[in-house]
Amino acid sequence: MKVKVDKTLVASVALHVLVIGWGLVSFSSRAIDQIPEESLPVDIISADQLAKVTAGMKSGKKENPKPLVEKVAEAKPVDDAVGKITEKPPVITETAPPPQPKVEEKPVEKKPDPPKPVAESKPKEEPKPIEKKPDPPKVDSIAEALKKEEKKTPPKPQVQAAKPPEPAKPKTERTFDQSKIAALLDKRDPSRQAVVGETLNSNAALGLPKGKSADNSATWGAMFKDQVLRCWKKPYGGIEAQRVEAEFSIKLKKDGTLEGMPAAQTAPGGAFQRVFQESGLRAIIECAPYRLPPAFFDEWKDFNPVFDSRDL
Amino acid sequence: MSKQHKLTNATFRMGRRQFLSGLASSGLIFSGVHHAFGQARVPVTGGEAAPLPIAIPNFVAGSPADAEVGVGVTQVITNNLKRSGLFAPIDQAAYIERISNIDTAPQFQNWKTISAQALVTGRMTRQGDGRLKAEFRLWDVNTAQQLAGQQYFTSPEYWRRIAHIISDQIYERLTGEKGYFDSRVVFVDETGSKERRVKRLALMDQDGANVRYLTRGSDLVLTPRFSPSTQEITYMEFGQGDPRVYLYNIETGQREIVGNFPGMSFAPRFSPDGQRVIMSLQQGGNSNLFVMDLRSKSTTRLTDTPAIDTSPSYAPDGTRLCFESDRGGKPQIYVMPATGGPAQRISFGDASYSTPVWSPRGDYIAFTRQGGGQFSIGIMKPDGSGERILTSGFHNEGPTFAPNGRVLMFFRDPGGNGGPSLFTVDISGRNEQRVPTPGFASDPAWSPLLS
């Protein structure tokens with residue numbers, strides 16, 4: 001018995017020592033080879049933000065590396081500026097301002113509820129019911145929603161339809177009526193902006209590490225900021241200085257030195273704006289060369305730092 | 001047949017050309033978009049406001065005899081900029097390059113090495129006619145550009161004034177705000193023991209140099225105030241009878257009583273145009289505000305209340321004035337139209353507020369706040385909002401604004417056997433500095449810019 005046990009034990013120990021010893025030697029040699037990557041500032045982002053950064057979708061397939069594009073982006077930057085101004089204002093006004101009045105008005109409608117003492121918006125009661133009616137007819141597919149964005153008139157009813165769900169919440173806490181669950185559902189039509197890009201691509205994709213744009217500026221941008229802040233002697237602008245911004249266009253070489261004089265992108269308005277801009281220019285020049293991750297050289301070889309007078 | 005062939009050929013060529021032009025334009029489109037995406041905007045926010053490192057080598061001597069004045073001017077400029085708190089002059093011992101000719105550009109790399117962001121070079125030269133020529137250049141070290149350059153001629157004894165003027169130029173060019181160095185301060189000089197204190201009216205440069213005594217000290221003087229013309233001072237003096245408001249001409253030494261009123265007159269101050277003096281007149285247990293035109297000597301009553309209204313101060317545009325009144329029970333600050341009329345209370349709280357002064361910039365009213373056993377100096381906006389306390393302690397009183405509204409001077413008495421001395425503080429509350437005076441000093445009043 002004893003002999004038997006000893007044999008297996010010895011064999012087991014020997015085998016373990018062998019395996020572990022081999023593992024130690026072989027693994028350790030590889031670890032030494034590893035080249036340390038430059039450290040990057042890390043932010044925790046949500047799945048939505050990741051999808052935005054990578055321009056990917058969950059439903060995408062690996063075979064489709066290119067991001068989904070439903071609409072070709074407008075070509076010339078100059079045209080963009082003009083075109084966007086006309087497009088954007090309607091979108092903003094439709095979504096932003098209406099929700100505020102409605103939140104206040106809702107409690108008023110449900111006067112029977114004792115806890116709601118908001119009586120300021122009484123006169124507005126009448127218009128509200130009329131607005132709510134449009135809700136039911138809106139059952140649209142994504143494609144229809146896209147069309148609506150182009151024609152700017154339909155979106156208004158959408159916003160109105162969206163408001164009812166918010167006020168309904170306080171009610172449910174008091175009396176929960178199962179038969180009226182439908183009323184609690186978000187009846188908003190799904191609306192979103194068309195994904196734009198250089199060329200049309202109808203396939204949903206998992207996305208690329210960089211997505212469609214140089215969004216990694218958040219990582220190397222923070223490194224640049226840390227470095228330039230060391231040289232920036234921000235001027236004191238009194239205790240209530242007006243907020244001032246100074247934007248420069250700078251070109252960097254691979255070694256982080258400046259390729260030329262930074263070009264100011266903002267015209268100096270007042271005396272303080274000029275002083276502020278000069279302080280930024282001095283800082284950029286004094287702190288060069290910059291140590292930025294070489295992997296993103298394509299992005300930081302040409303970018304625009306924006307100095308902001310706010311204290312953050 | 002051949003004709004038809006030619007035709008198709010032509011259309012084909014057209015098509016290819018179109019295709020090529022299409023390619024080219026799409027290439028343009030691509031590069032344009034790429035450009036837009038590539039130039040990421042990188043926000044640079046935060047960052048502490050910091051004093052600007054500046055190098056001020058000794059001004060070059062135009063002739064061997066001018067070396068001393070060159071060093072003096074440099075020291076005055078360095079001291080001014082340093083005291084402002086907005087500049088950090090670099091020690092001359094660190095300098096690598098010796099400036100010997102200001103007409104050629106300096107070697108900026110030498111100044112970059114010592115982290116100077118601005119460089120001042122200058123030269124003092126005695127002229128044949130006995131005058132002194134002062135030249136200076138202000139350089140941006142990093143961009144290798146000249147930011148400012150001036151030359152001045154003056155009599156040799158005014159070299160300090162030249163240094164102050166150059167300091168103002170540098171300050172204005174690098175901060176975007178008007179300077180305040182070429183200005184003076186009138187104050188009450190105090191000497192002797194606490195029981196037998198002698199108070200004399202004294203005048204000095206803003207940095208504490210060139211002290212001059214205006215009165216002998218036989219009579220008690222209080223609350224001197226500068227006229228906008230800077231040649232005249234109004235103050236209150238206890239003579240043989242009641243305290244009176246006097247007008248004093250700095251140039252001639254002449255003094256006169258402002259108006260001939262029964263009872264005590266006190267707390268005088270000039271209007272922004274220098275043509276009128278506003279003050280308090282005592283009437284029984286009350287006092288009210290009156291304004292007197294210095295040319296016509298006509299007097300106008302501005303308030304008529306059964307309370308003590310005093311310490312009036314005009315807004316820089318002359319349309320309104322702030323004053324102190326205890327009509328609400330405790331001294332508080334009120335604002336009213338310069339022609340009289342309804343007054344609006346702007347200070348609230350448990351403490352009492354006194355000695356309001358309107359900033360020459362118009363944006364703030366400085367005051368003394370007494371409460372909780374402490375005297376504080378603070379500022380608030382003319383509508384009473386944005387109150388902030390800049391300093392507090394056993395006894396702080398009598399704020400007065402620098403000509404640019406950026407710095408306050410006040411006096412502080414630490415208590416005990418000592419006496420008061422003068423201090424300056426930035427209206428942000430930073431950079432508190434003691435102002436050198438020969439003895440104890442109180443009741444400062446800052447002059448407007450001399451030039």
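Chain naming here is simple, since letters A, B, ... match the order of the sequence lines and numbering starts at 1 in each.
Contact detail for V44(B) and F224(A): the closest heavy-atom pair is CG2-CE2, 4.2 Å. The two atoms that bring Y236(A) and P51(B) nearest to each other are OH-CD, 3.6 Å, heavy atoms only. When all heavy atoms of P43(B) and K225(A) are compared, the pair lying nearest together is O-CD, 3.7 Å. Listed here is the closest heavy atom pair of A271(A) and G176(B): CB-O, 3.5 Å.
Taken from CG in L229(A) to OG1 in T45(B), the straight-line distance is 7.5 Å, to the nearest 0.5 Å. Taking CZ of R274(A) as the reference point, atom CG of L147(B) lies at 8.0 Å (rounded to 0.5 Å). For the atom pair D140(B) CG and S279(A) OG, the distance stands at 10.0 Å (nearest 0.5 Å).
Chain B forms more heavy-atom pairs under 4.5 Å with one residue of K233(A), Q273(A), R282(A), E278(A) than with any other, namely R282(A). For the set T175(B), L52(B), D363(B), the entry with the most heavy-atom pairs within less than 4.5 Å of chain A is T175(B).
At least one side-chain heavy atom of T143(B) sits less than 4.5 Å from a side-chain heavy atom of I285(A).
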Candidate pair V275(A) and L174(B), rule side chain to side chain contact (heavy atoms under 4.5 Å, CB included), full reasoning
CA-CA 6 Å; V275(A) 165; L174(B) 292 177; 5.9 Å; no
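At a 4.5 Å heavy-atom cutoff, the contact between R173(B) and chain A is made by backbone and side-chain atoms alike.
Without hydrogens or angle criteria, Q117(B) side chain to E286(A) main chain gives no donor-acceptor distance under 3.5 Å.
With a 6.0 Å radius and a threshold of 12 heavy atoms from other residues, nucleotides or ligands, K178(B) has its NZ atom at or below the threshold.
Using a cutoff of 4.0 Å between basic side-chain nitrogens and carboxylate oxygens, E247(A) and R41(B) are scored as salt-bridged.
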